[in-house]
Enquirer: 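Structure in structure tokens, see below.
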Amino acid sequence: MSTGEERVSVARGLYAAFERGDIEGIYELLDPDVLWDMTGPAEIVYFGTYRGIEHVRRFFDLLGQHCRPEIFVVTGVVETANGVVAEGTETGTFVGDPLPYAMRWCHVMDIEGGVITRFTGYHDTAPMIDSWRS
């Protein structure tokens with residue numbers, strides 16, 4: 001397997017673990033000192049920057065407390081010089097809020113030695129904010 005194929009495989013493994021609800025499987029794909037950056041408005045409590053797996057655990061705890069992704073679709077994964085860029089869509093709701101959101105996202109990952117060393121998520125947050133505020 002080439003380096004590029006390995007990187008794409010790591011990214012696809014991350015999404016497969018997420019879709020299964022296998023959060024421990026996600027942690028296995030992360031460098032212990034991973035930089036995990038979810039860009040978006042601070043109003044949504046799980047957006048922010050997390051350093052290291054223990055802090056990424058906090059991200060997933062907050063995500064699980066507040067968000068219910070219902071449909072998560074990866075529409076493409078493309079190799080880059082240092083990792084991959086992935087695109088997709090997500091629909092879901094926030095806990096206690098009946099108004100659903102539907103958004104597009106883009107994730108940029110640096111992958112080295114079979115693990116993700118940097119993950120940056122960019123999101124079309126306008127639909128999420130509308131749902132969050134309702």
Enquirer: In chain order, what residues pass the ring-ring contact (aromatic ring centres under 6.0 Å, His included) check against Phe119, with sequence neighbours excluded?
Expert: Trp36, His107
Enquirer: Do Ile23 and Val10 sit in the same hydrophobic cluster, where Ile, Leu, Val, Met, Phe, Trp and Tyr count as joined when their side-chain heavy atoms come under 4.5 Å apart?
Expert: yes
Enquirer: Within this structure, what is the OH-CG distance for the pair Tyr15 and Leu29, rounded to the nearest 0.5 Å?
Expert: 11.5 Å
Enquirer: So if you build clusters from Ile, Leu, Val, Met, Phe, Trp, Tyr with side-chain heavy-atom gaps below 4.5 Å, do Val74 and Val84 land together?
Expert: yes
Enquirer: Taking Val8 as the starting point, is it possible to reach Val73 by hopping between hydrophobic residues whose side chains are less than 4.5 Å apart?
Expert: no
Enquirer: Does a side-chain heavy-atom distance below 4.5 Å link Leu62 with Tyr50?
Expert: yes
Enquirer: With a 4.5 Å cut-off on side-chain heavy atoms, are Ile129 and Glu43 touching?
Expert: yes
Enquirer: Among all residues two or more places apart in sequence or in another chain, which pass the side chain to side chain contact (heavy atoms under 4.5 Å, CB included) test with Glu112?
Expert: Thr117
Enquirer: Kindly say whether Gly121 contributes a backbone atom to a donor-acceptor pair with the side chain of Thr39 at under 3.5 angstrom?
Expert: yes
Enquirer: List the steps and the verdict of side chain to side chain contact (heavy atoms under 4.5 Å, CB included) for Tyr27 and Val56.
Expert: CA-CA 8 Å; Tyr27 301 143; Val56 174; 4.1 Å; yes
Enquirer: Would a single hydrophobic cluster contain both Phe18 and Phe59, if residues Ile, Leu, Val, Met, Phe, Trp and Tyr are joined by side-chain heavy-atom contacts under 4.5 Å?
Expert: yes
Enquirer: What residue pairs, at least two apart or across chains, pass side chain to side chain donor-acceptor pair (under 3.5 Å) with a residue in residues 58-68?
Expert: none
Enquirer: Got a sec, which residues hit side chain to side chain contact (heavy atoms under 4.5 Å, CB included) with Glu28, two or more places apart in sequence or on another chain?
Expert: none
Enquirer: Would you please say whether a donor-acceptor pair under 3.5 Å links the side chains of Ser9 and Arg7?
Expert: no
Enquirer: Can you name the closest pair of heavy atoms from Val77 and Ala86 and give their distance?
Expert: CG2-CB, 4.0 Å
Enquirer: Are Tyr122 and Thr120 packed together at the side-chain level, in the sense that at least one heavy-atom pair is separated by less than 4.5 angstrom?
Expert: yes
Enquirer: So does Leu99 get a backbone contact from the side chain of Ser131, meaning a donor-acceptor N/O pair under 3.5 Å?
Expert: yes
Enquirer: What is the minimum heavy-atom distance between Gly113 and Glu6, and which atoms define it?
Expert: C-OE2, 4.5 Å
Enquirer: Apply the test side chain to side chain contact (heavy atoms under 4.5 Å, CB included) to residues Thr89 and Phe72: give CA-CA distance (whole Å), side-chain angles for both, the deciding distance (0.1 Å), then the verdict.
Expert: CA-CA 6 Å; Thr89 61; Phe72 186 87; over 6 Å; no
Enquirer: Compare all side-chain heavy atoms of Cys67 with those of Val95 and state whether any distance is below 4.5 angstrom.
Expert: no
Enquirer: Roughly how far apart are Asp110 CG and Asn82 CG, rounded to 0.5 Å?
Expert: 5.0 Å
Enquirer: Does some side-chain heavy atom of Ile44 sit less than 4.5 Å from a side-chain heavy atom of Met128?
Expert: yes
Enquirer: Provide the closest heavy-atom pair for Gly25 versus Ala17 in the form atom of the first, atom of the second, distance.
Expert: C-CB, 4.1 Å
Enquirer: Residues two or more places apart in sequence or in another chain: which of them pass ring-ring contact (aromatic ring centres under 6.0 Å, His included) with Phe94?
Expert: Tyr101, Trp132
Enquirer: Roughly how far apart are Leu30 CG and Arg118 CZ, rounded to 0.5 Å?
Expert: 13.5 Å
Enquirer: Is there a side-chain contact between Ile116 and Leu14 (heavy atoms, below 4.5 Å)?
Expert: yes
Enquirer: Hey, is the main chain of Glu87 close enough, under 3.5 Å, to the side chain of Thr75 for a donor-acceptor pair?
Expert: yes
Enquirer: Indicate if Val34 and Val115 have the same hydrophobic cluster label, given that clusters are the connected sets of ILVMFWY residues with side-chain heavy-atom separations under 4.5 angstrom.
Expert: no
Enquirer: Find the distance between CD (Glu90) and CD (Glu70) and round it off to the nearest 0.5 Å.
Expert: 9.5 Å
Enquirer: Answer yes or no: is there a side-chain heavy-atom contact under 4.5 Å between Thr91 and Pro100?
Expert: no
Enquirer: Would you mind reporting whether His123 and Met38 have side-chain heavy atoms less than 4.5 Å apart?
Expert: yes
Enquirer: Can you measure from CG (Asp31) to CD1 (Ile111) and round to the nearest 0.5 angstrom?
Expert: 11.5 Å
Enquirer: Do NZ/NE/NH1/NH2 and the carboxylate oxygens of Arg57 and Glu24 come within less than 4.0 Å?
Expert: yes
Enquirer: Applying side chain to side chain contact (heavy atoms under 4.5 Å, CB included), can you list everything that pairs with Val85, at least two apart in sequence or on another chain?
Expert: Thr80, Cys106, Val108
